[in-house]
Amino acid sequence: MTDGQENRLEAGRESAGTLGPTGSARSMEPLRSSGTTDPEGRTGVGQRSVLEVEHLVKQYPGADVPVLNDISFRIPKGKVFVVLGPSGSGKSTLLRTIAGLEPIQGGRILLDGRTVESGDASKGVRAPRGNRVSGTRSTDLRTRIGMVFQSYDLFPNKTVLDNVTMAPVLVQKRSRDEARKEALELLDRVGLADRKDAWPNELSGGQRQRVAICRALILHPEIMLFDEVTAALDPEMVREVLQVILELADQGLTMMIVTHEMAFARGIADHIVLLDRGSLVEESDDPERFFTDPATERARQFLSTFTYERRRGDGVGEQAHQAGQGNV
Amino acid sequence: MNWSFMAQNAHFFVNAAYVTVFISFFGVVFAILIGVVCAALEVSHVPILSPVTRGYIELSRNTPLLVQLYFLYFGLPKLGISWSAQTCAVVGLAFLGGSYMAEAMRGGLEAVPRIQRESARVLGFSPRQTLTHIILPQALSSAIPGVVANVIFLVKESSVVSAIALADVMYVTKDLMGISYDTYESLALLIITYLIILLPISVIGTVLERRFDYARR
Amino acid sequence: MHGVEILLQPGVFPRLFSGLWVTVWIAGISVILSIPVGLLVGWLMTIRNGLVRAVMRVYLDFIRIMPQLALLFIAFYGFARAFDWNLDATGACVLVFVLWGGAELGDLVRGALESIPRSQYESAYVLGLDSWQTFRRIILPQAFRRMLPASVNLATRIVKTTSLAALLGVIEVIKVGQQIIDANRFLYPQATLWIYGVIFFMYFFICWPLSLVARHLEKRWAHD
């Protein structure tokens, strides 16, 4: 990660205001106004939490150790919450429990101050059958949390436009024309308006992910979950997707992001946490500080895996060289 | 169910099973030979021969065995080619099965990823070594399920040879029903005989598939 | 090469075509009836009930391991007596072809349903689609595409298997051919060669286009 990259990301974030004021501001409006229903104001400091997780425990049937152990955090409205951690730390599982794709065995998940999921030790004892999802949330509740997956999961039997308009028409019972209009605005904002009639298999990975983001946004979710959305992309496509997410952050969309892109995490996060073996080992409201001067040894260790350095002059190579000389 | 009737007549079915197995065995052996040659011709793109092979495969796959047998048994003698019913049955099965086997084997060859050939080349294998050590073993493993399915298919298809008066299992069943009117017992013997012939092939096929399954191991 | 004049006799081709129509009719009705049976069987095979699974397994395995001619005999001679049905040869054929086609199609339906990746169900879930909408709009269209080539191939197998109806005495194209041959035994002793040759190509020109369609679909949809 070079300074140059980092600066570009910062710059990208600042320059997001250059997006056409027409499309963006209007389309984002429902997002801003959607959450006025909560009078409780749980955070206490005047900032309302969109998502709260309390003592969440997730354990797979037959496993000795929970995948997620006593996780608690809150995400205030309009903030970007980034989850970092090594593979297998439970990052994706955390997002999946919040989206309702996996039952939890302890704790609570609250959306807008209302409990949407409570831990139940008897749930998830049996694996879900076949490919089907075991979740039981109401369809309305599901539309309030948007999620974008790592795999390109567009529906291959629908065109780009139909992928985006399907849920608003079928689930939210919005009119086809209105959904179509908004879908076109969203696609235009991610630079894909001209691809509206394409089939998913005609798109690149980066394009598919941008469509997937539109497909989630059109439902006006209160929070968006991004699960390593660039992990399966070629490097040159990563940027076009991350740029879109940066712009959404600037427009005040609340989101929770799991990523391996450190420069991106540093540039976008309002709040950053490190997850390791199912527990939160470090939390920080100061991303800059987290990256330069982490509080815990575990975080230091984790961050060091992203830098590369050759030991010139004093390593094993040097010794071998000297040994060679000795033999002559 | 009249058990003593079944016991008394079981020996007819033993002989009939022998006819079925005999015809199927030779039919399958020749079908595999034809299949190997056709698959090789198809993937190697020999002028004239490859299109002819394709034509044979299309003709054989898209016509019923019964019509093929009638043509061989009743039609060909008019051209001076008179074969016994047994020969016609074996030739018919081989003609039908050859194309099915060819398709299974071609599928196996085409299933070997290109990267395997390229890796072998980079490692310095000769074309011949590549074929015998890399391509054929993998092609065999992916062709085996298809070949086994075709063997079972051909044994089942052999039931049609009763139509040219060969005393196979179907023929004997019909005979026995005609003579005795003990329909259930005759049909039960028919089912049992086919199960005894086909179940072991099916089991051996499953074992073979597991053994040669490099991909899933 | 003499004897080919038999084909030019008035009435020969019209009679053969009327026989072919019976063949096509039996095959067509069997294919059409196989579709609902296959969907039902395929759905039943994905159900997690042990008893249902076991019953479907036995049904599928029995149908698959028995020669179709044996199944025809069982239906024609066995069922007719057992249930006191007045099942004629044509009815027995359609019954067997539907039970057989339904079993094979059911297995294709099961395979196609199970091949849809889990992420498709999950995407639909987080978008708020209910399980019927997910099945109807997302899963079924994709499953349909995946199983269509094999289903067209199954249809050609059903057409070919229709030839066995002749052995139960149904007056279809082969039986009509035999009647023509018998009637001209002395006038045209070479008739067997020509008549069976014509029937051979009649089957070929029905089945071959179907095979081509199946192969085309396979190629076109393979990359999805």
Side-chain angles (χ1 to χ4, degrees), chain A residues 92 95-96 98-102 126-158 162-173 199-202 208 211-212 215-219 221 224-225 227 232, chain C residues 39 41-54 56-57 106-149 151 217-224:
Chain A
S92 289
L95 284 194
R96 292 167 60 81
I98 293 167
L101 291 169
E102 310 257 1
R126 276 194 353 181
R129 71 175 199 206
N131 278 336
R132 275 153 234 188
V133 179
S134 56
T136 51
R137 285 192 192 170
S138 72
T139 57
D140 167 62
L141 184 55
R142 285 185 244 157
T143 62
R144 292 168 57 197
I145 300 179
M147 181 159 180
V148 181
F149 297 84
Q150 175 182 338
S151 53
Y152 321 136
D153 59 332
L154 296 183
F155 303 127
N157 55 318
K158 304 271 171 194
D162 286 344
N163 259 281
V164 181
T165 55
M166 193 171 173
V169 172
L170 282 179
V171 182
Q172 295 178 323
K173 311 293 176 203
W199 295 95
N201 66 1
E202 298 165 357
R208 287 187 217 186
V211 175
R215 189 176 68 176
L217 279 180
I218 197 170
L219 297 170
M224 282 281 282
L225 313 178
D227 186 10
Chain C
L39 285 173
V41 169
W43 175 68
L44 285 174
M45 282 198 287
T46 57
I47 277 186
R48 261 215 165 177
N49 180 314
L51 183 69
V52 174
R53 281 208 154 182
M56 296 322 290
R57 198 71 254 171
D107 203 38
L108 292 177
V109 171
R110 179 195 57 78
L113 286 179
E114 287 176 355
S115 74
I116 307 297
R118 193 180 162 77
S119 64
Q120 290 288 310
Y121 289 89
E122 292 186 344
S123 305
Y125 184 83
V126 295
L127 289 174
L129 269 62
D130 63 34
S131 51
W132 171 245
Q133 287 168 333
T134 306
F135 181 72
R136 157 90 180 66
R137 312 259 175 180
I138 310 293
I139 306 304
L140 199 60
Q142 293 182 57
F144 179 74
R145 276 182 157 224
R146 283 178 197 217
M147 55 178 271
L148 194 61
S151 307
L217 291 177
E218 224 162 290
K219 267 189 198 146
R220 208 176 112 193
W221 288 345
H223 56 89
D224 283 5

Residues two or more places apart in sequence or in another chain: which of them pass side-chain contact (heavy atoms from CB on, under 4.5 Å) with [X]?
X: Gln172(A); result: Thr143(A), Pro168(A), Arg174(A), Leu219(A)
X: Asn157(A); result: Phe155(A), Pro141(C), Gln142(C)
X: Asp107(C); result: Met45(C), Leu60(C), Arg64(C), Arg110(C)

Exercise. Apply salt bridge (Lys or Arg N to Asp or Glu O under 4.0 Å) to the pair Arg215(A) and Asp153(A), showing each step before the final yes or no.
Key: CA-CA 11 Å; Arg215(A) 189 176 68 176; Asp153(A) 59 332; 3.3 Å; yes
Exercise. Spell out the residues in residues 130-138 of chain C that have some non-hydrogen atom less than 4.5 Å away from a non-hydrogen atom of chain A, in order of number; otherwise answer 'none'.
Key: Asp130(C), Gln133(C), Arg137(C), Ile138(C)
Practice problem: Give a yes or no answer on whether the side chain of Asp227(A) reaches the backbone of Phe149(A) with a donor-acceptor pair at less than 3.5 Å. | Solution: no
Quiz item: Do the side chain of Glu202(A) and the main chain of Trp199(A) share a donor and acceptor less than 3.5 angstrom apart?
Solution: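 Answer holds: yes.
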Exercise. Name the region of Leu154(A), side chain, backbone, both or neither, that has any atom closer than 4.5 Å to a heavy atom of chain C.
Key: backbone
